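Step one of this worksheet: look at the structure below.
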Amino acid sequence: MKPLSVGLLGLGTVGSGTLKVLLRNRDEIERRIGRPIVITRIGVRSLDKARAITQNMGVDIPLTQDLSAVTKADDISVVVEVMGGTTTARLAVLDAINAGKHVITANKALLAEHGNEIFAAARQHGVMVAFEAAVAVSIPIIKALREALAGNRIEWVAGIINGTTNFILTQMKQHGSSFTDALKQAQLLGYAEADPTFDIEGIDAGHKATLLSAIAFGIPIQFSRAHIEGITQLQAIDITYAEKLGYRIKLIGIARRSEQGIELRVHPSLIPENCLLANVNGAMNGIMIKSDAAGITAYYGAGAGSEETASAVVADLVDVARLELADPQHHVPHLAFHAESLNPIPVLPIGDIHTRYYLRIPVKDEAGVLAAITKLLADQMISIDAMLQRTSSHQGGNAGTDVIIVTHGAQEARIDSAIAAIQALPAVSAQVVRLRVEDLDQVAMH
Ligand code: NAP
Ligand code: HSE
């Protein structure tokens, strides 16, 4: 049978991993699909760098800086985009689609920002756009949501979906590394994005949560409406207090369906310490899905890395090889639901979400402070689940008291009103810290 002829755009961490896995597992892959997968041409920026990589792998594949020599080549039927970025990558992917080629990409930024346009073009040209590597690399989460759980109504998806930030938090907690050192290490290991602010500010996780929300609920891709907070504002003292209360803090991406709309958010969250996600460490990712028939399912695996990501890219190549000649009507819909059935359910403003909260309120140690705080919470109908009071030494050198409160479920707008009122109390000596608490239906590890 004719080999599947592939054009590769990018030969960095993911591109070189893809080439390596395809070469190493050539026979095993061919046994699965009945024909070889061959990289026919590689588009890159630096020819010298790419030549050194291909020579090192013992292959002689034509290299080019002219991306259209890949995207428009008659002898190529699949283009794998692993360059990153949203400008050149968008044009290259659209060029490939317009030339009738299937596309595989690991580029979540591209799909979160331009996915609606790219998938519409792909539908028009009857080609596949596969993106398993774009979310939680070695975990087949796109396939799980789009195919394995296709009989379910999905209620929520929540997970640790950025390897870099999870690696940083773990290095800081378990090895006492500084934030800066841990980030540098993540960059050296090839985990971080070209612009690491995408990782540490939660944007990369926001891209991934947006894609998961679209395929979980059959809604258009709405990245601009996602609420995103990273880990740069997180303070060590809150990690310590959270632990005393039986929680660990993780950067979590959440897509949840409620009666009012869709919650789509990424932020540091307190997770009960016996919950599966609280025990996902290093660059690993963990995702939980709650659906009506299957119940809660959980997924764990590497969240970043060269061959780990290549594993997903090659799996997409295998899918394309199997379905390449099928009628487009028999392809799995890009976003799990037929395009004409997408439902424009609104993504809710963050003030409308409903969850539990952790508050750290730095106060002067005076009589009546606690009563004043609990009254202001009660005014907003917020009830308290747990409370801790600790003498603090971190308030600018002045010893004071930290009042730490974990609430029951409340609407975020009410919490914000209560915090504003608490902040105005004369006894409150510094900024009130608010973090969200996610119980994830209390699925525990035993
Ligand atoms: P990388 O190591 O920086 O490699 C990028 C490659 O693309 C390099 O070969 C680079 O060439 C080439 N390139 C970049 N811009 C180009 C342009 N305008 N024209 C031609 N070639 C260009 O990046 P990566 O880590 O492999 O990531 C690639 C993509 O995969 C990104 O979308 C990323 O978000 C995604 N991803 C990465 C991981 C991971 O663990 N690293 C995991 C999942 C998804 P030069 O070296 O010559 O500049
Ligand atoms: N920078 C990303 C992460 C790569 O750390 O998760 C994998 O998408």
Side-chain angles (χ1 to χ4, degrees), residues 7-20 41-54 63-71 80-93 95 104-114 131-139 141-142 159-170 182-183 185-209 211 230-231 251 253 266 280 282-287 301-313 316:
L8 191 59
L9 297 178
L11 194 64
T13 304
V14 181
S16 61
T18 300
L19 186 54
K20 204 184 288 174
R41 210 157 298 131
I42 306 178
V44 287
R45 215 158 23 191
S46 154
L47 291 173
D48 288 346
K49 224 156 102 183
R51 200 167 294 117
I53 295 169
T54 50
L63 304 170
T64 177
Q65 290 172 315
D66 173 12
L67 301 189
S68 68
V70 177
T71 57
V80 174
E81 185 280 302
V82 283
M83 296 183 292
T86 53
T87 309
T88 306
R90 171 178 163 272
L91 294 175
V93 162
D95 269 357
I104 291 168
T105 181
N107 193 337
K108 51 271 166 161
L110 176 69
L111 294 181
E113 289 181 18
H114 302 292
F131 55 100
E132 188 64 68
V135 185
V137 304
S138 68
I139 304 175
I141 197 66
I142 304 296
I160 295 170
I161 47 179
N162 180 268
T164 301
T165 44
N166 205 42
F167 178 82
I168 292 172
L169 291 175
T170 307
L183 173 59
Q185 215 180 330
Q187 287 176 293
L188 281 176
L189 290 165
Y191 300 154
E193 294 303 302
D195 176 356
T197 56
F198 273 48
D199 296 293
I200 60 180
E201 296 297 355
I203 300 162
D204 176 75
H207 290 146
K208 294 166 179 167
L211 295 174
I231 60 167
L251 185 73
V266 170
V280 172
M284 304 305 280
N285 281 186
I287 301 177
S306 178
E307 291 201 18
E308 293 85 345
T309 312
S311 161
V313 172
D316 278 345

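Please read these numbers as outputs of a predicted model, since none were measured by experiment. Read the numbers this way: they start at 1 and go in the same order the structure lists the ligands and their atoms.
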Atom 31 (C) of ligand 1: the protein heavy-atom neighbour that sits closest, reported with distance to 0.1 Å: Gly84 CA, 3.6 Å
Just by distance, no angles: are the side chains of Asp66 and Thr64 close enough, under 3.5 Å, to form a donor-acceptor pair? no
Region of Asp204 that comes within reach of ligand 2 [heavy atoms, distance under 4.0 Å]: side chain
First locate atom CD1 of Ile200, then atom CG of Asn162, and finally report the distance between them rounded to the nearest 0.5 Å. 10.0 Å
Salt bridge check, Glu193 against Lys108: does any charged N sit closer than 4.0 Å to a carboxylate O? yes
Classify the side-chain pair Ser138/Glu308 by whether it contains a donor and acceptor separated by less than 3.5 Å. no
Taking C-beta and beyond as the side chain, do Leu67 and Met83 meet within less than 4.5 Å on heavy atoms? yes
To atom 7 (O) of ligand 1, the nearest of Met83, Glu307, Lys49 on a heavy-atom basis is Met83
Protein residue, atom and distance nearest to atom 37 (C) of ligand 1, heavy-atom basis: Val14 CG2, 3.5 Å
Considering distance alone, does some N or O of Gly12 sit under 3.5 Å from an N or O of ligand 1? yes
Which residue and non-hydrogen atom of the protein lie closest to atom 8 (O) of ligand 2, and at what distance in Å? Lys108 NZ, 2.5 Å
Could you tell me whether some N/O pair between Ala192 and ligand 1 is separated by less than 3.5 angstrom? no
Is it the case that ligand 1 has an N or O less than 3.5 angstrom from some N or O of Ala304? no
Checking a contact table here: which protein heavy atom is nearest atom 35 (C) of ligand 1, and how many Å away? Ala106 O, 3.3 Å
Quick note on ligand 2: atoms under 4.0 Å from a heavy atom of Glu193 include exactly 1 (N), 2 (C), 4 (C)
Sub-4.0 Å atoms of ligand 2 with respect to non-hydrogen atoms of Lys208: 2 (C), 3 (C), 6 (O), 7 (C), 8 (O)
Top protein contact for atom 34 (O) of ligand 1, by heavy-atom distance: Glu193 OE1, 2.6 Å
Counting non-hydrogen protein atoms only, what is the nearest one to atom 7 (C) of ligand 2? Give residue, atom name and distance. Gly303 O, 3.2 Å
Could you tell me the residue and atom name of the protein heavy atom closest to atom 12 (C) of ligand 1, and the distance to it rounded to 0.1 Å? Gly10 CA, 3.9 Å
I need the atoms of ligand 2 closer than 4.0 Å to a non-hydrogen atom of Gly163, numbered in the order shown. 3 (C), 5 (O), 6 (O)
Would you call the rings of His207 and Phe198 parallel, tilted or perpendicular, where under 30° means parallel and over 60° means perpendicular? tilted
Are any of the heavy atoms in Glu81 under 4.0 Å away from ligand 1? no
When Asn285, Ile141, Leu111 are each screened for side-chain contact (heavy atoms from CB on, under 4.5 Å) with Val135, the one that passes is Ile141
Any idea which part of Asp199 is under 4.0 Å from ligand 2, heavy-atom wise: side chain, backbone, both or neither? side chain
What is the closest protein heavy atom to atom 36 (N) of ligand 1, and at what distance does it sit? Lys108 NZ, 3.5 Å
Measuring from non-hydrogen atoms of Ala133 to any atom of ligand 1, is the shortest distance under 4.0 Å? yes
Go through ligand 1 atom by atom and flag the ones less than 4.0 Å from a non-hydrogen atom of Val137. 42 (C), 43 (C)
Tell me, please: is Gly190 in heavy-atom contact with ligand 1, that is, under 4.0 Å? yes
among protein heavy atoms, the one nearest atom 42 (C) of ligand 1 is Thr309 OG1, 3.1 Å
Per atom 5 (O) of ligand 2, closest listed option by heavy atom (Thr164, Asn166, Asn285): Thr164
